[in-house]
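Bear in mind the structure is a predicted one, so any value in this text is a computation, not a measurement.
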Amino acid sequence: MSGIEKTQVLEKYLTLDQRGRILAEYVWIDGTGNVRSKGRTLKKKITSLDQLPEWNFDGSSTNQAPGYDSDIYLKPVAYYPDPFRKGDNIIVLAECWNNDGTPNKFNHRHEAAKLFAAHKQEEIWFGLEQEYTLFDEFDQVYGWPKGGFPAPQGPYYCGVGTGKVHARDMIEAHYRACLYAGLEISGINAEVMPSQWEFQVGPCEGIQMGDQLWMARYLLSRVAEEFAVKISLHPKPLKGDWNGAGCHTNVSTKNMRLPGGMKYIEQAISALSKRHNEHIKLYGADNDLRLTGRHETASASSFSSGVANRGASVRIPRSVAKEGYGYFEDRRPASNIDPYLVTGIMCETVCGAIDDANMTKEYEREFQ
């Protein structure tokens, strides 16, 4: 049975009356940096976050707890319309907590939220550019010649036409799913390497940035299931003369967005230069394979900045330099980042540290 035929069969069941019940799919981040989910039935339509019950799961099966003490609790933090089940059905984003009342060591949202709450007056906005690579079900780059390689990079970035882009139907499906779910998805484009794509989410304020990127990733993986496509967030999925994949992070505070804001942008970049190594530590596993100084990247070993320079650690857009206010782009984060860690340490560096949150120590909890 083809994928289209399966969809047609499923559709007749999706239109059945649910008799007032609501399906809620709970989504969380596991101990390997991937998303997991499971569904439950609720008795009525959800209109506020506090109506959602807490839940639990077996953390020993997700690398989040030992088998002798495996219960991990799910605390809802946001919910979105479900583009797959539609109707009043929802997808619930949840934090993971241990049974002793402490956040699970892979729950980085909790610490980031403290920073954003402490600096609420700064009105810090983010926009994340999520790059990713498509593979087929046999772990070959999607659409590439069997046993070979496509033509060198050049015609694929924002490409149009057969042989220049692959899986546009899947990318369009993901775009619409994000819009249906109410996410601030702001655009898509084909990337420099064939079968590499990007979507952008934002601007989002504070903790909402991490929430929305994780939900957009979840929707991407769910949509890809229907096309028999695998999603890779590895920052260097192929060795050789092929671009890696990043998650460029655009940042601004209220002061940066006002006339004269360049002064605050320059102050932020100066602060970032002093904490380069601390940021790199949180900017994604295997990022050193990507940050080589080639393929539109800076070196992982040193910090640099410049106007319109895509080979710098931090780029100031030409339009921002001309107008004297706006935002800056940190080009160092890899495609596989935890956005809570990245936005959290960005807030910490740009807006100031607080006593009860430290994003570097938060990251190190994973290895304890």
Side-chain angles (χ1 to χ4, degrees), residues 33 108 112 115 124-133 191-193 196 198-204 209-210 213-214 217 232-237 242-253 256 264-318 320-321 326-351 353 358-360 362-364 366:
H108 302 308
L115 281 157
I124 187 166
W125 291 1
F126 298 96
L128 297 185
E129 305 172 25
Q130 177 68 71
E131 296 178 342
Y132 58 97
T133 309
E191 267 301 332
V192 176
M193 189 181 88
Q196 189 182 82
E198 173 185 302
F199 65 85
Q200 304 94 34
V201 180
C204 295
M209 185 70 263
L213 187 70
W214 275 117
R217 286 175 172 178
S232 171
L233 297 183
H234 195 281
K236 189 67 175 178
W242 304 102
N243 273 35
C247 193
H248 299 158
T249 301
N250 300 280
V251 187
S252 69
T253 61
M256 293 178 195
Y264 299 98
I265 292 173
E266 290 171 347
Q267 288 175 358
I269 293 174
S270 176
L272 288 169
S273 71
K274 295 178 175 66
R275 299 190 74 198
H276 175 68
N277 291 334
E278 291 156 279
H279 277 251
I280 287 294
K281 187 183 292 186
L282 275 63
Y283 277 11
D286 295 320
N287 202 19
D288 57 312
L289 301 177
R290 166 181 164 264
L291 295 181
T292 62
R294 300 183 63 225
H295 301 114
E296 301 181 74
T297 71
S299 170
S301 61
S302 60
F303 182 89
S304 60
S305 63
V307 174
N309 184 356
R310 282 178 164 76
S313 305
V314 172
R315 178 181 73 95
I316 299 173
R318 180 75 66 189
V320 172
Y327 69 99
F328 65 89
E329 175 194 44
D330 191 337
R331 297 179 59 80
R332 295 172 294 172
S335 48
N336 59 355
I337 59 164
D338 183 324
Y340 298 130
L341 287 174
V342 171
T343 58
I345 196 172
M346 184 63 71
C347 180
E348 184 178 76
T349 299
V350 172
C351 302
N358 182 296
M359 296 312 296
T360 302
E362 170 63 17
Y363 168 72
E364 290 170 349
E366 286 191 14

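Side-chain contact check for R315 versus H248: every heavy-atom pair is 4.5 Å or farther apart. Looking at heavy atoms from C-beta onward, E296 lies in side-chain contact with V192 at the 4.5 angstrom threshold. With contacts defined as side-chain heavy-atom distances shorter than 4.5 Å, the pair C204/F126 does not qualify. At least one side-chain heavy atom of H234 sits less than 4.5 Å from a side-chain heavy atom of L289. For the pair Q196/S335, no side-chain contact is recorded, criterion being any heavy-atom separation below 4.5 Å from C-beta on.
E191 places no side-chain N or O within donor-acceptor distance of the main-chain N or O of G244, the cut-off being under 3.5 Å. The closest donor-acceptor contact from the side chain of R290 to the backbone of R332 lies under 3.5 Å. Side chain of R331 to main chain of A298: no donor-acceptor pair is present (N/O by atom type, distance under 3.5 Å, no hydrogens or angles). Judged by distance alone, the side chain of K236 and the main-chain N or O of L291 form no donor-acceptor pair under 3.5 Å. Between the side chain of E278 and the backbone N or O of T360, no donor-acceptor pair lies under 3.5 Å. Looking only at distances, no side-chain donor or acceptor of H279 sits under 3.5 Å from a matching main-chain atom of S273.
In this structure, the separation between CG on N243 and OG1 on T133 is 10.0 Å, given to the nearest 0.5 Å. Summarising the geometry, atom CG belonging to L213 is positioned 5.5 Å from atom SG belonging to C247; distances are rounded to the nearest 0.5 Å. Remark: E131 CD to N336 CG distance equals 12.0 Å, nearest 0.5 Å. Atom OH of Y363 sits about 11.0 Å away from atom CD1 of I345, to the nearest 0.5 Å. Atoms OH and OG1, on Y327 and T253 in that order, are 14.5 Å from each other to the nearest 0.5 Å. Here the CD1-OG distance, from I280 to S313, works out to 7.0 Å after rounding to the nearest 0.5 Å.
Taking both residues in full, the closest heavy atoms of M346 and V251 are given as CG-CG2, 3.8 Å, listed atom of the first, atom of the second, then distance. Closest heavy-atom contact between A334 and N287: CB-OD1, 3.3 Å. The two residues F328 and A268 have their closest heavy-atom pair at CE2-CB, 3.8 Å. Between E348 and M359, the shortest heavy-atom contact is OE2-N, 3.2 Å. Nearest heavy-atom pair across S304 and G311 is OG-O, 4.2 Å. Nearest heavy atoms, S252 versus G326: CB-O, 3.4 Å.
Applying the salt bridge (charged side-chain N to carboxylate O under 4.0 Å, His left out) criterion to D338, with sequence neighbours excluded, gives no partner residue. Taking E198 as the reference, Q200 meet the side chain to side chain donor-acceptor pair (under 3.5 Å) condition, with sequence neighbours excluded.
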### Message
Pair M256, V350 - check side-chain contact (heavy atoms from CB on, under 4.5 Å), show working.
### Response
CA-CA 11 Å; M256 293 178 195; V350 172; 3.8 Å; yes
### Task
Apply the test side-chain contact (heavy atoms from CB on, under 4.5 Å) to residues I316 and I269: give CA-CA distance (whole Å), side-chain angles for both, the deciding distance (0.1 Å), then the verdict.
CA-CA 10 Å; I316 299 173; I269 293 174; 3.7 Å; yes
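Atom CH2 of W125 has 12 or fewer heavy atoms from other residues, nucleotides or ligands within 6.0 Å. Surrounding CZ of F303 are more than 12 heavy atoms belonging to other residues, nucleotides or ligands, all under 6.0 Å away.
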